[in-house]
Amino acid sequence: MRELEERIRRDGVVRDGGVLKVDSFLNHQCDVALFDRMGAEWATLFKGKRVDRILTIESSGIGLACCAARHFGDVPVVFAKKAQSINLDDDLLTTTVYSFTKRREFPVIVSRRFLHQGDHVLLVDDFLANGRAMEGLIELCDKAGATVEGIAIAIEKGFQDGGGRLRRRGYDVRSLAIVTRMDAGTGTVEFA
Ligand code: 5GP
């Protein structure tokens, strides 16, 4: 999506360690009009798919998922919560996810009341790096007996292997911007 690429070039900040900072429009301050156009773009990319609900992970994915939902027939948005500890409650679907930004594992939970057997689910997130967050959400869908219809990503870092791994597993991953190379020294970002 050209508009997103241009916004990343203009306002994104490249940090050491392969981190792209986009907090002025995507995951701290939010440009909701842009989110809405991103949601419309995903709706075009996933046209014809059955989507009963959108699943994301707190916190950066929530705003994007809510804006996307308006373009998928106002389906419910569910976000997996990052928990302090795994609570062995029958009502909860649980897994653990390694966080790229926090560099540690943490439990994530979704209530069985909000993710059901037979649901057709679209996963949404702001970034795809090594794919751990999306693999965690896939596991929660598998445990629920729900089908993952697709994976909608704002920014995929194509130089990390998450997108490749998910596509090799057969998932329909659509990223609105794929960064192929970025340089913290010069601040340049290149796209696929
Ligand atoms: P993964 O699980 O695919 O390795 O990483 C994806 C998660 O880590 C996303 O939910 C996102 O919040 C965070 N993340 C990964 N790379 C970046 C990055 O370059 N910048 C920011 N702001 N977040 C990132």
Side-chain angles (χ1 to χ4, degrees), residues 1 4-32 34-35 38-39 42 54-68 77-83 94-110 121-142 148 150-192:
M1 184 181 176
L4 180 61
E5 293 180 359
E6 283 170 1
R7 192 65 179 271
I8 295 166
R9 275 211 183 89
R10 196 183 84 193
D11 294 335
V13 179
V14 184
R15 288 281 163 88
D16 287 327
V19 173
L20 178 62
K21 225 173 156 223
V22 285
D23 61 352
S24 65
F25 63 97
L26 198 73
N27 53 21
H28 192 11
Q29 176 169 257
C30 301
D31 183 338
V32 179
L34 172 64
F35 285 17
M38 291 164 70
W42 280 321
I54 293 179
L55 178 65
T56 185
I57 184 162
E58 72 175 354
S59 56
S60 313
I62 299 173
L64 286 169
C66 289
C67 289
V77 170
V78 179
F79 61 90
K81 293 186 174 196
K82 293 172 182 167
T94 62
T95 188
T96 54
V97 166
Y98 180 83
S99 167
F100 177 80
T101 42
K102 300 202 168 55
R103 294 175 195 282
R104 67 174 178 86
E105 282 213 320
F106 53 87
V108 293
I109 58 167
V110 167
V121 180
L122 179 70
L123 308 184
V124 169
D125 205 6
D126 59 342
F127 274 91
L128 177 60
N130 295 314
R132 303 297 177 205
M134 289 305 97
E135 284 169 358
L137 297 188
I138 290 168
E139 196 181 327
L140 294 177
C141 287
D142 289 347
V148 175
I151 301 178
I153 299 293
I155 306 173
E156 176 176 345
K157 293 188 293 180
F159 52 87
Q160 291 177 268
D161 70 347
R165 270 219 318 276
L166 292 167
R167 290 184 182 97
R168 281 193 294 277
R169 285 176 64 186
Y171 291 102
D172 185 6
V173 182
R174 306 298 181 106
S175 304
L176 300 182
I178 302 182
V179 177
T180 49
R181 203 180 145 269
M182 54 188 207
D183 188 306
T186 59
T188 51
V189 183
E190 290 170 18
F191 298 96

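All ligand and atom numbering here is 1-based and tracks the order in the structure.
- Less than 4.0 angstrom separates some heavy atom of Asp125 from each of these atoms of ligand 1: 9 (C), 10 (O).
- Nearest heavy atom pair, residue Met38 against residue Ala154, reads CE-CB, 3.5 Å.
- Between Gln160 and Ala129 the shortest heavy-atom distance is CB-O, 3.3 Å.
- Under a 4.0 Å heavy-atom criterion, Lys157 is in contact with ligand 1.
- Close approach to Val19 involves these atoms of ligand 1, each under 4.0 Å from a residue heavy atom: 19 (O), 20 (N).
- For atom 4 (O) of ligand 1, the nearest protein heavy atom (residue, atom name, distance) is Asn130 N, 2.8 Å.
- Residue contact annotation: Gly18 has a non-hydrogen atom under 4.0 Å from ligand 1.
- Taking CD of Glu135 as the reference point, atom OH of Tyr171 lies at 9.0 Å (rounded to 0.5 Å).
- Of the candidates Ser60, Ala133, Ala154, Ala129, it is Ala129 that places a heavy atom closest to atom 5 (O) of ligand 1.
- Nearest to atom 3 (O) of ligand 1 among the protein's heavy atoms is Gly131 N, 2.7 Å.
- Taking all atoms of both residues into account, the shortest heavy-atom contact from Phe35 to Leu26 is CZ-O, 3.3 Å.
- Put simply, the side chain of Arg7 reaches to within 4.5 Å of the side chain of Phe25, judged on heavy atoms.
- Ranking the protein heavy atoms by distance from atom 13 (C) of ligand 1 puts Thr101 CG2, 4.0 Å first.
- For ligand 1, the atoms closer than 4.0 angstrom to any heavy atom of Leu20 are 18 (C), 19 (O), 20 (N), 21 (C), 22 (N).
- The part of Asp126 lying near ligand 1 is the side chain, judged by heavy-atom distances below 4.0 Å.
- Each of Thr56, Val77, Val124, Leu34 was evaluated against Leu64; a single residue qualifies, Val124, per the side chain to side chain contact (heavy atoms under 4.5 Å, CB included) test.
- Each of Asp126, Asp125, Leu20, Asn27 was checked for a side chain to side chain contact (heavy atoms under 4.5 Å, CB included) with Ile155, and the lone residue meeting it is Leu20.
- Remark: the Glu139 side chain and the Thr95 side chain contain an N/O donor-acceptor pair separated by less than 3.5 Å.
- Shortest contact from atom 21 (C) of ligand 1 to any protein heavy atom: Phe127 CE1, 3.4 Å.
- Heavy-atom minimum distance, Met134 versus Leu128: CG-CD1, 4.2 Å.
- In terms of N/O distances under 3.5 Å, ligand 1 is not approached by Tyr98.
- Within a 6.0 Å radius of CG in Asp16, other residues, nucleotides and ligands contribute 12 heavy atoms or fewer.
- Distances below 4.0 Å separate heavy atoms of Asn27 from the following atoms of ligand 1: 22 (N).
- Of the protein's heavy atoms, Phe100 CB, 3.8 Å lies nearest to atom 8 (O) of ligand 1.
- Neither the backbone nor the side chain of Val22 comes within contact range of ligand 1; no heavy atom lies under 4.0 Å.
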